[in-house]
Amino acid sequence: MKQTADAIIIGTGVIGAAIAFELSRLGYRTLSLDRNTQAGHGSTAGSCACIRMHYSTFDGTALAWEGYHYWRDWAEYLNAKSDSQLSRFVETGCLVMKTKQNGYLEKHVQYSTALNCPFEQWSAEEIVKRMPIYDLQSFAPARKPDDALFCQPNGGRLSGGVYWPNAGYVTDPALSAQNLCDAATRAGARFRMGAEIVGILMDSGKVSGVRLASGESLSAPVVINVAGPASSRINAMAGVLDDMTITTRALRQEVVHVPAPEGFNFEKDGMMVSDSDIALYCRPEHGNHILIGSEDPECDTHDWVDDDQKYNREFTDQWTTQAMRFGQRVPSLGIPQTSRGIVDLYDASTDWIPIYDKSCLPGFYMACGTSGNQYKNAPIAGKMMAALIDYCESGNDQDMTPLQFELPYTGQHVSTGFYSRKRPINTESSFSVVG
Ligand SMILES: Cc1cc2nc3c(=O)[nH]c(=O)nc-3n(C[C@H](O)[C@H](O)[C@H](O)COP(=O)(O)OP(=O)(O)OC[C@H]3O[C@@H](n4cnc5c(N)ncnc54)[C@H](O)[C@@H]3O)c2cc1C
């Protein structure tokens with residue numbers, strides 16, 4: 001077999017595309033493959049694309065704060081021409097309610113302070129001044145509609161929150177993946193769409209390429225699994241699951257879009273809000289809508305999916321439950337008869353922290369388990385993966401001596417071992433989309 005590329009990248013979502021860009025910049029001849037016909041049309045297209053800084057671990061916060069800068073400087077990062085059609089970052093800020101569930105944000109504030117990531121303490125009065133549609137009665141814990149206490153206040157009130165002014169969202173996540181592919185192409189990367197991988201090829205104990213559904217084989221000494229919710233299937237094809245302590249699994253999610261209450265311009269005056277008291281996050285959506293996602297409360301059953309191409313794409317009662325939970329906080333909210341929003345899949349990892357790592361098969365790498373919270377990190381994850389691959393391909397032992405990586409904007413040093421497939425389950429995690 002003739003060598004097709006230095007590295008084959010499976011997937012052209014936002015993270016796969018970022019890896020293609022960054023590896024090409026390092027001089028690797030990359031070939032990206034995707035079964036879809038357009039880049040970014042896997043789970044990236046369904047992403048809420050929230051860019052926020054509060055994470056439950058120091059490393060998670062450091063990566064997210066670093067990640068923000070790429071969205072802020074998007075055109076410059078891509079080295080894009082001035083007439084390019086680019087996705088847009090809208091810097092709304094993110095308010096996070098202080099709750100018992102998040103330890104009243106004590107560690108989040110500590111991490112942001114250590115990282116020089118700006119934040120403001122907001123009193124309950126300040127929150128209502130900024131968001132007059134908000135009612136700060138407490139409703140925790142989140143309940144199911146068949147619970148007699150569903151939507152009943154518990155007698156307490158929220159005392160305040162922390163506002164991260166640099167947070168926001170990206171307007172068109174699929175376009176952002178396309179922007180990365182265009183940048184990668186300019187750096188020499190190649191892309192082939194409509195190519196489904198059905199097998200991982202091996203030779204002399206190393207990865208040697210991929211087999212496509214068409215029967216064609218493509219060879220490369222490096223193959224990278226960035227298949228999103230299909231990651232565990234690809235890892236199974238490569239036979240690399242056995243030495244992993246952290247595994248990945250596709251998890252179905254519903255995201256609600258509802259019109260903002262009359263008289264409040266949520267698109268202009270609203271912001272991203274993470275509210276663990278009602279187990280939801282929200283952000284402005286175009287057309288003065290509010291996008292509402294779940295923060296995965298314990299009472300909701302996880303809807304695991306075995307086949308990431310065959311799952312229920314229709315809304316269920318979960319849509320109404322999320323809309324009603326949001327109505328607890330915004331009593332003037334009208335809930336339309338027709339459900340609008342998104343149904344898509346997370347690639348959830350055991351501890352809701354991603355895997356950015358090598359595998360036990362030499363030459364086979366993975367960037368997966370992104371758990372509904374890694375869109376924001378795509379550019380820096382791309383950079384870190386490219387550095388990690390180069391480190392391993394240069395003969396270093398990532399498992400024994402993980403690459404120490406400097407985050408270019410913030411100057412912070414992180415150990416890539418934090419994202420190891422073999423790490424112990426990280427008990428600092430929120431075990432939810434919050435990461
Ligand atoms: C509903 C939802 C909301 C989210 N909200 C946020 C958010 O607000 N903020 C945030 O930071 N993150 C968020 N995320 C997470 C974020 O969107 C993902 O982490 C990110 O998009 C993953 O990108 P990716 O490139 O790894 O995977 P994907 O975008 O899923 O791309 C994987 C690609 O691999 C291809 N593929 C799979 N199998 C094969 C095969 N056998 N052969 C060929 N190609 C294959 C697929 O076609 C797909 O294009 C959200 C995710 C979802 C689903």
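Heavy-atom basis, side chains included; hydrogens, waters and symmetry copies ignored.
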K.L.:
Do S87 and W74 have side-chain N/O donor and acceptor atoms under 3.5 Å apart?
P.N.:
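Yes - a donor-acceptor pair under 3.5 Å links their side chains.
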K.L.:
Do S56 and E428 meet the criterion of a side-chain donor-acceptor pair at a distance under 3.5 Å?
P.N.:
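Distance-only check fails for S56 and E428.
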K.L.:
Sorted by first residue and then second, give each salt bridge (charged side-chain N to carboxylate O under 4.0 Å, His left out) pair with at least one member in residues 168-189; sequence neighbours left out.
P.N.:
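Sorted pair list comes back empty.
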K.L.:
How would you list all residue pairs meeting salt bridge (charged side-chain N to carboxylate O under 4.0 Å, His left out) that involve residues 4-21, not counting sequence neighbours?
P.N.:
D6-R29
K.L.:
Given Y375, which of Y70, Y169, W71 fulfils the ring-ring contact (aromatic ring centres under 6.0 Å, His included) condition?
P.N.:
W71
K.L.:
Tell me if the NE2 atom of H286 is crowded by more than 12 foreign heavy atoms within 6.0 Å.
P.N.:
no
K.L.:
Per the side-chain hydrogen bond (donor to acceptor under 3.5 Å, both in side chains) rule, what does the pair list look like for residues 75-85, sequence neighbours excluded?
P.N.:
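Counting only pairs at least two positions apart or across chains, the side-chain hydrogen bond (donor to acceptor under 3.5 Å, both in side chains) contacts touching residues 75-85 are E22-Y77.
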K.L.:
I need the single residue from D351, D399, D59 that forms a salt bridge (Lys or Arg N to Asp or Glu O under 4.0 Å) with R423. Which is it?
P.N.:
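By the salt bridge (Lys or Arg N to Asp or Glu O under 4.0 Å) criterion, R423 pairs with just one of D351, D399, D59: D351.
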K.L.:
Is the closest basic N to carboxylate O distance between R35 and D308 below 4.0 Å?
P.N.:
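Result for this pair is yes, salt bridge flagged.
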K.L.:
Give a yes-or-no answer on whether the side chains of Q322 and Q318 include a donor-acceptor pair shorter than 3.5 Å.
P.N.:
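Short answer, yes.
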K.L.:
Which residue pairs pass the side-chain hydrogen bond (donor to acceptor under 3.5 Å, both in side chains) test when at least one of the two sits in residues 323-333, sequence neighbours left out?
P.N.:
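Sorted pair list: D275-R329, D277-R329, D300-R325.
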K.L.:
Which residues satisfy the salt bridge (charged side-chain N to carboxylate O under 4.0 Å, His left out) test with E314, sequence neighbours excluded?
P.N.:
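In terms of salt bridge (charged side-chain N to carboxylate O under 4.0 Å, His left out), with neighbours along the sequence ignored, E314 is linked to no residue.
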K.L.:
Using residues 42-51 as the side-chain source, report each donor-acceptor pair under 3.5 Å to any protein atom, sequence neighbours left out, with the distance given to one decimal.
P.N.:
residue, atom, partner, partner atom, Å
T44, OG1, V14, N, 3.0
S47, OG, A49, N, 3.0

K.L.:
Determine, for D344 against R313, whether the closest basic-nitrogen to carboxylate-oxygen distance falls under 4.0 angstrom.
P.N.:
no
K.L.:
Can you tell me if D73 and Y409 form a side-chain donor-acceptor pair at under 3.5 Å?
P.N.:
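Yes, a side-chain donor-acceptor pair sits under 3.5 Å.
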K.L.:
Using a strict cut-off of less than 4.0 Å between a Lys/Arg side-chain nitrogen and an Asp/Glu carboxylate oxygen, indicate whether E91 and R72 qualify as a salt bridge.
P.N.:
no
